[in-house]
Amino acid sequence: MVTYVIGLLAALFIGWDLAKPLKNKPALFYAGAFVLDALCVAGAVLGWSGPAWDLYAALVGQGILAFFLLTVVMFTGCFELGSNSRIRLKQVRQPLALASVILCLGHLAYAGITQGAHEGGALFLATCGVLLVLLAVLGVTSLVVVQDHMKATVLAAVQKCSYPFFVVLCIHAAMVGNAWVYGAVGAIYVIARVRFQLRKGRS
C-alpha cells in the first residue's frame with residue numbers, strides 16, 4: 001500500500017508542483033522517463049535486489065508511477081470548466097501523458113524480462129492487446145509535431161480513445177496487482193466523469 005501512496009504523491013508532485021517546468025521544458029521530463037526505463041531494464045537484467053530496488057521496480061517496472069500519471073491526466077477532465085485545478089493541469093496534460101507513455105514502455109520491457117508470458121487467461125491477453133493498440137495511437141498523437149498535421153476534429157476524436165484506454169488499464173492492472181486499488185480508482189473516475197457530464201448538460 002505504501003508503494004501506491006508514493007506513486008500517487010509523486011504523480012501529483014510532477015503534475016501540479018512541477019507544472020511550470022513540465023510545460024516549458026517537457027523534453028527534460030521525457031528524457032528523465034527514458035532514463036528511469038533504462039535503469040529499470042538494467043536492474044532486471046543484472047538481477048539487482050534490495051529494498052530500494054524493490055520500491056523502484058514497483059514504481060517504474062510494475063507501472064505504478066505511469067498509472068498514476070495517467071490518472072492525473074484523466075481526472076483533469078473531471079474538474080469544473082474554468083476551475084483553477086482544470087486550467088493548471090490542462091496546461092501540462094499533453095506532456096504528462098507522453099511521459100506516462102514512455103514509462104509504460106519501460107513497464108512492458110520489465111514485465112517481458114521478469115515475468116514472460118503471464119497466465120492470465122483470455123481476458124488478460126485481450127486487455128494487453130487493446131492497451132497496446134490504444135497506447136500506440138495515443139502515444140503517437142501526443143506528439144506536437146503529429147498534432148500540428150492533424151485536423152482538430154480528427155485529433156479530438158482520437159483523444160477520446162483515452163476514456164476506454166483508462167478503463168481497460170484499470171481492469172488490466174487489477175488482474176496483476178492489488179485489485180481493490182485499481183478498481184477503486186476506475187470506479188471513482190467513472191463516477192466523477194458521469195457527474196461532470198451531468199453538470200455540463202444542465203449548464
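Since we're looking at a predicted model, the values are computed, not measured.
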Participant: Indicate yes or no for a side-chain donor-acceptor contact from Arg88 to the backbone of Ala19 under 3.5 Å, with no hydrogens or angles considered.
Facilitator: no
Participant: Between Ala192 and Cys78, which heavy-atom pair has the shortest distance, and what is it?
Facilitator: CB-SG, 3.8 Å
Participant: Can you give me the closest heavy-atom contact between Val41 and Ala109, atom names plus distance?
Facilitator: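 Result for this residue pair: CG2-CB, 3.7 Å.
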Participant: From Phe166 CZ over to Met74 CE, what is the distance, rounded to the nearest 0.5 angstrom?
Facilitator: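 Those atoms lie 6.5 Å apart.
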Participant: If you apply the rule side-chain contact (heavy atoms from CB on, under 4.5 Å), what do you find for Arg199 with Glu80, and how did you get there?
Facilitator: CA-CA 9 Å; Arg199 291 196 302 269; Glu80 292 285 352; 2.6 Å; yes
Participant: What do you reckon, is CG of Asp17 surrounded by more than 12 foreign heavy atoms closer than 6.0 Å?
Facilitator: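 Check passes, neighbour count above 12.
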Participant: With side chains defined as the heavy atoms from C-beta onward, is the minimum distance between Cys170 and Tyr189 less than 4.5 Å?
Facilitator: no
Participant: Decide side-chain contact (heavy atoms from CB on, under 4.5 Å) for Phe29 and Ile102; before the verdict, give the C-alpha distance in whole Å, the side-chain angles of both, and the deciding distance to 0.1 Å.
Facilitator: CA-CA 10 Å; Phe29 290 84; Ile102 295 172; over 6 Å; no
Participant: Is there a chain of hydrophobic side chains (I, L, V, M, F, W, Y, each step under 4.5 Å between heavy atoms) that links Val181 to Ile191?
Facilitator: no
Participant: Listed by chain and number, what are the ring-ring contact (aromatic ring centres under 6.0 Å, His included) partners of Tyr182, not counting sequence neighbours?
Facilitator: Tyr4, Phe67
Participant: Could you tell me the separation between the OG atom of Ser162 and the CG atom of Leu70, rounded to the nearest 0.5 Å?
Facilitator: 9.5 Å
Participant: Quick one: list whatever passes side chain to side chain donor-acceptor pair (under 3.5 Å) with Gln197, sequence neighbours left out.
Facilitator: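 Checked Gln197 against side chain to side chain donor-acceptor pair (under 3.5 Å); matches are Arg193.
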Participant: Just one of Lys90, Gln94, Arg93 clears the side-chain contact (heavy atoms from CB on, under 4.5 Å) bar with Val73, so which one?
Facilitator: Arg93
Participant: Check the angle between the aromatic planes of His172 and Phe124 and answer parallel, tilted or perpendicular using the 30° and 60° thresholds.
Facilitator: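 Taking Phe124 first and then His172, their aromatic rings lie parallel (interplane angle under 30°).
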Participant: For the residue pair Leu134 and Phe165, what are the closest heavy atoms and their distance?
Facilitator: CB-CD1, 3.6 Å
Participant: Considering non-hydrogen atoms only, spot the tightest contact between Phe68 and Leu8 and give its length.
Facilitator: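 Nearest heavy atoms, Phe68 then Leu8: CD1-N, 3.6 Å.
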Participant: Starting at CG of Leu98, measure out to OH of Tyr30 and round the result to the nearest 0.5 Å.
Facilitator: 4.5 Å
Participant: Let me confirm one number: the CG-CG distance from Leu18 to Leu28, rounded to the nearest 0.5 Å.
Facilitator: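 Between Leu18 CG and Leu28 CG, I get 11.5 Å after rounding to 0.5 Å.
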Participant: Could you list the residues that satisfy side chain to side chain donor-acceptor pair (under 3.5 Å) with Thr141, not counting sequence neighbours?
Facilitator: none
Participant: Mind checking whether Val144 and Leu155 sit in one hydrophobic cluster, side chains of I, L, V, M, F, W, Y counted as touching below 4.5 Å?
Facilitator: no
Participant: Quick check: is Val133 connected to Leu108 through a chain of hydrophobic side chains (ILVMFWY, heavy atoms under 4.5 Å apart)?
Facilitator: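 In one cluster with Leu108: Val133, no.
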Participant: Side-chain atoms of residues 44-62: list all donor-acceptor pairs with protein atoms under 3.5 Å, sequence neighbours left out, distances to 0.1 Å.
Facilitator:
{"from": "Trp53", "atom 1": "NE1", "to": "Trp48", "atom 2": "O", "distance (Å)": "3.1"}
{"from": "Tyr56", "atom 1": "OH", "to": "Leu36", "atom 2": "O", "distance (Å)": "2.7"}

Participant: So, does His107 use its side chain to make a donor-acceptor pair with the main chain of Leu103 at under 3.5 Å?
Facilitator: no
Participant: Calculate, to the nearest 0.5 Å, the distance between atoms OG and CD belonging to Ser142 and Gln159 respectively.
Facilitator: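 If I round to the nearest 0.5 Å, the distance is 7.0 Å.
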Participant: Nearest 0.5 angstrom please: Thr127 OG1 to Leu169 CG, how far?
Facilitator: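 One finds 9.0 Å between OG1 of Thr127 and CG of Leu169.
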Participant: Would Ile87 end up clustered with Leu22 when hydrophobic side chains under 4.5 Å apart are linked, directly or stepwise?
Facilitator: no
Participant: Taking ILVMFWY side chains as joined if any heavy atoms are under 4.5 angstrom apart, and letting links pass through other members, which residues group with Phe196?
Facilitator: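 Taking Ile, Leu, Val, Met, Phe, Trp and Tyr as members, Phe196 shares its hydrophobic cluster with Leu81.
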Participant: Have a look at Ser100 and tell me which of Leu69, Thr71, Val72, Leu135 forms a side-chain contact (heavy atoms from CB on, under 4.5 Å) with it.
Facilitator: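 Testing Ser100 for a side-chain contact (heavy atoms from CB on, under 4.5 Å) against Leu69, Thr71, Val72, Leu135 leaves exactly one candidate, Leu69.
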Participant: May I have all residue pairs that pass salt bridge (Lys or Arg N to Asp or Glu O under 4.0 Å) and include part of residues 22-41, sequence neighbours excluded?
Facilitator: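 Found none.
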